[in-house]
Amino acid sequence: MCGIVGIVGQSSVNQTIYDALTVLQHRGQDAAGIVTVDKNAFRLRKANGLVKDVFEVKHMQRLQGKAGIGHVRYPTAGSSSASEAQPFYVNSPFGISLAHNGNLTNTVELAESLVKKRRHVNTTSDSEVLLNLLADELQETRSLTLSADEVFDAVAKVHAQTRGAYAVAAMIIGQGLVAFRDPFGIRPLVLGKHETPTGTEYMVASESVALDAVGFEVMRDVAPGEAIYISLDGQLFTRQCAIEPSYAPCIFEFVYFARPDSAMDKISVYGSRVNMGAKLGAKIQKEWEDHDIDVVIPIPETSCDIALEIARCMDLPYRQGFVKNRYIGRTFIMPGQQERKKSVRRKLNAINTEFKGKNVLLVDDSIVRGTTSEQIIEMAREAGAKKVYFASAAPEIRFPNVYGIDMPTTNELIAHGRDADEIAKIIGADGIIFQDLTDLVDAVGMENPEIKRFETSVFDGQYITNDVDQAYLDHLTQLRNDDAKANSKDIGTNLEMHNVCHP
């Protein structure tokens, strides 16, 4: 999962991009990068680390220019080396830099086609493949100044060749900013503007909250398959570039990834989570009619709004029983099982008085490997809980994600091949209950009835692009298992010496 930002402004955009990336930091904590266009040249800084650590004052001072793009990254495909931090760039044609959120499912095929066209791909990242594909299509133009139609024609040809999920912001030197979204709209992309005395500034970002934070007005979401082109002189052009676009946004954005104060595809993240709590609360009351639960406690932070609504529905006390250390990263996307186990205790601490002598219902947004859930249940018992029940706001996750979320391989998912009783036994819960998929879809869809379907493959194994088979999932397993990630980090350490980290 990644976060992207792109701006064409009336003055220097470096600070605005930086501020927007800090708001999107939850979408990627592995690496960060900014590229600006200054005097017809790219100014680039990217490296591993959080936004606040990657960009020092000296870097910000050199990132001059009135247009630029930014990226925060957690790797899904490829390694976690700094050499694969984004944005990427190519020198021809014009000079193009690109930031990408998502994951292509036909990367190998596309890379092979690019080799035949004598285009070199330097990393294992699908984002670099996407950049070279766009560059190759723009290479066909013969004019020194791109028209909007030429940009849109190139994007249409990219759509025709690529499969998977992608939200893209790309900067073309001397021309402008192009942003586009895959034909299913799996990954989010929002368009905004800001009026200044000298003209209108335009911005695209992964979530609306990034626009809010820097004073931009949200105009609308970029539609599935649509491309946005903003020339450097501030003209806005749009065109639908896909043949048969249709909405199918990733439902896990609303379950877990997006900030509650964001709205994407006209769906309030906060509102959808409240709805999840109401649906799950009703199910608990129905299926556990004779429950002995004393208190509802969320596992912070995503589940707090969900748990509060469950407590309201069940007429039970709601308590904050865990204190979160905000400076520890997310655990389910941390490479290495041992590292995940260690991080849980560093991340959360129990307030003993909220557990002692009580039967507690712990609420989380989802259960992936089960490692975190098991550790937290142990903590609740150590704090004095008599019984520990567990509720998941999402259904059982039984299948890997192929569209840009670094979920584990099938065999690492605790719900794969197991029923609820088996899962409860493994994580040490006295009882466990999961949201029904139909209720989850309804909970999110209530916020925007115009969207009729969502990408729900992690729950039902139905991949919306219709190109995912067992051979691809086996290939994904090789890329994503813990051993492979450990090796890729070692490789990354060696490659970092050769990484282009300007200035």
Side-chain angles (χ1 to χ4, degrees), residues 4 6 8 35 37 40 42 67 69 71 77 86-187 189 204 222-232 235-245 404 465 467:
I4 63 173
V8 174
V35 65
V37 177
N40 226 33
F42 284 136
I69 58 178
H71 189 267
Q86 298 184 40
F88 288 111
Y89 75 90
V90 291
N91 291 319
S92 176
F94 305 103
I96 306 171
S97 183
L98 178 143
H100 164 221
N101 172 34
N103 190 63
L104 304 183
T105 55
N106 63 333
T107 304
V108 173
E109 173 188 326
L110 290 173
E112 289 173 352
S113 71
L114 288 168
V115 169
K116 293 176 182 178
K117 295 177 180 180
R118 293 182 292 181
R119 278 200 168 271
H120 175 66
V121 179
N122 195 53
T123 70
T124 60
S125 173
D126 60 339
S127 304
E128 191 186 9
V129 170
L130 189 56
L131 167 61
N132 276 274
L133 189 63
L134 177 63
D136 188 65
E137 296 303 337
L138 288 171
Q139 190 80 54
E140 299 300 315
T141 63
R142 293 290 179 258
S143 56
L144 295 177
T145 301
L146 287 171
S147 68
D149 284 340
E150 287 173 319
V151 172
F152 294 146
D153 287 345
V155 173
K157 291 175 181 177
V158 169
H159 282 326
Q161 298 173 72
T162 54
R163 297 192 299 269
Y166 48 94
V168 171
M171 185 61 61
I172 308 172
I173 286 184
Q175 312 298 321
L177 170 72
V178 58
F180 54 94
R181 196 174 177 193
D182 71 76
F184 291 101
I186 299 172
R187 299 268 74 87
L189 192 62
V204 293
V222 178
E226 184 184 20
I228 306 290
Y229 179 60
I230 306 161
S231 62
L232 292 180
Q235 296 184 70
L236 173 68
F237 305 89
T238 69
R239 193 173 97 184
Q240 177 53 253
C241 295
I243 295 175
E244 294 182 352
T465 52
D467 63 332

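This chain uses plain numbering: 1 for the first residue, then up along the sequence.
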What is the distance from atom [atom1] of [X] to atom [atom2] of [Y], rounded to the nearest 0.5 Å?
X	Y	atom1	atom2	result
Leu133	Lys157	CG	NZ	11.0 Å
His71	Asn101	NE2	CG	6.5 Å
Leu177	Ser231	CG	OG	10.5 Å
Phe180	Leu189	CZ	CG	10.0 Å
Gln86	Ser125	CD	OG	5.5 Å

> Would Asn122 and Glu128 satisfy side chain to side chain contact (heavy atoms under 4.5 Å, CB included), going step by step from the backbone distance to the final call?
Replying inline: CA-CA 8 Å; Asn122 195 53; Glu128 191 186 9; 3.6 Å; yes

So which atom in [X] and which in [Y] form the shortest heavy-atom distance, rounded to 0.1 Å?
X	Y	answer
Tyr229	Leu146	OH-O, 4.2 Å
His100	Leu98	CB-CD2, 3.8 Å
Asp126	Gly102	OD2-O, 4.1 Å
Pro224	Pro183	CB-O, 3.2 Å
Ala148	Phe237	CB-CG, 3.6 Å
Ala165	Arg187	CB-CG, 3.8 Å

Could you list the residues that satisfy side chain to side chain contact (heavy atoms under 4.5 Å, CB included) with [X], not counting sequence neighbours?
X	value
Ala154	Leu134, Glu137, Leu138
Val35	Phe42, Leu44, Ile69, Pro87, Ser97
Ser92	Gln139
Asn106	Leu104, Glu109, Leu110, Arg163

>> Restricting to ring-ring contact (aromatic ring centres under 6.0 Å, His included), what partner residues turn up for Phe184, sequence neighbours left out?
In response: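 By the ring-ring contact (aromatic ring centres under 6.0 Å, His included) rule, Phe184 matches no residue at all.
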
>> Could you check whether any side-chain N or O of Gln175 sits under 3.5 Å from a backbone N or O of Ile230, counting only pairs where one atom can act as donor and the other as acceptor?
In response: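 Looks like no, no N/O pair under 3.5 Å.
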
>> Donor-acceptor check, side chain of Asp182 to backbone of Tyr166, threshold 3.5 angstrom: yes or no?
In response: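 Yes, the answer is positive, given that a donor and an acceptor are paired below the 3.5 Å cut-off.
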
>> Using ring centroids (six-membered ring only for Trp), state whether His159 and Phe152 fall under 6.0 Å.
In response: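 Ring-ring flag for Phe152/His159: false, centres at least 6.0 Å apart.
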
>> Between Ile173 and Ile96, is the side chain to side chain contact (heavy atoms under 4.5 Å, CB included) condition met? List the steps.
In response: CA-CA 6 Å; Ile173 286 184; Ile96 306 171; over 6 Å; no

> When you look at Ser143 and Glu150, which way does the side chain to side chain donor-acceptor pair (under 3.5 Å) test go after all the steps?
Replying inline: CA-CA 10 Å; Ser143 56; Glu150 287 173 319; 3.2 Å; yes

>> For the NZ atom on Lys116, are there more than 12 heavy atoms of other groups (residues, nucleotides or ligands in this structure) within a distance under 6.0 Å?
In response: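 Counting other residues, nucleotides and ligands, NZ of Lys116 stays at 12 neighbours or fewer.
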
> With Arg119, which residues qualify under salt bridge (charged side-chain N to carboxylate O under 4.0 Å, His left out), at least two apart?
Replying inline: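 Per chain and number, Arg119 pairs via salt bridge (charged side-chain N to carboxylate O under 4.0 Å, His left out) with Asp136.
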
>> Using side chain to side chain donor-acceptor pair (under 3.5 Å), reason through Asp149 and Ser147 one step at a time and then give a plain yes or no.
In response: CA-CA 5 Å; Asp149 284 340; Ser147 68; 5.3 Å; no

> Could you go step by step and tell me if Phe88 and Val90 meet the side chain to side chain contact (heavy atoms under 4.5 Å, CB included) rule?
Replying inline: CA-CA 7 Å; Phe88 288 111; Val90 291; over 6 Å; no

> Given the rule in the side chain to side chain contact (heavy atoms under 4.5 Å, CB included) test, do Ile4 and Val204 qualify, once you have shown the distances and angles that lead to the verdict?
Replying inline: CA-CA 8 Å; Ile4 63 173; Val204 293; 5.9 Å; no

>> Using the side-chain contact (heavy atoms from CB on, under 4.5 Å) definition, which of the options Thr162, Leu114, Thr124, Val108 pairs with Val129?
In response: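 That would be Leu114.
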
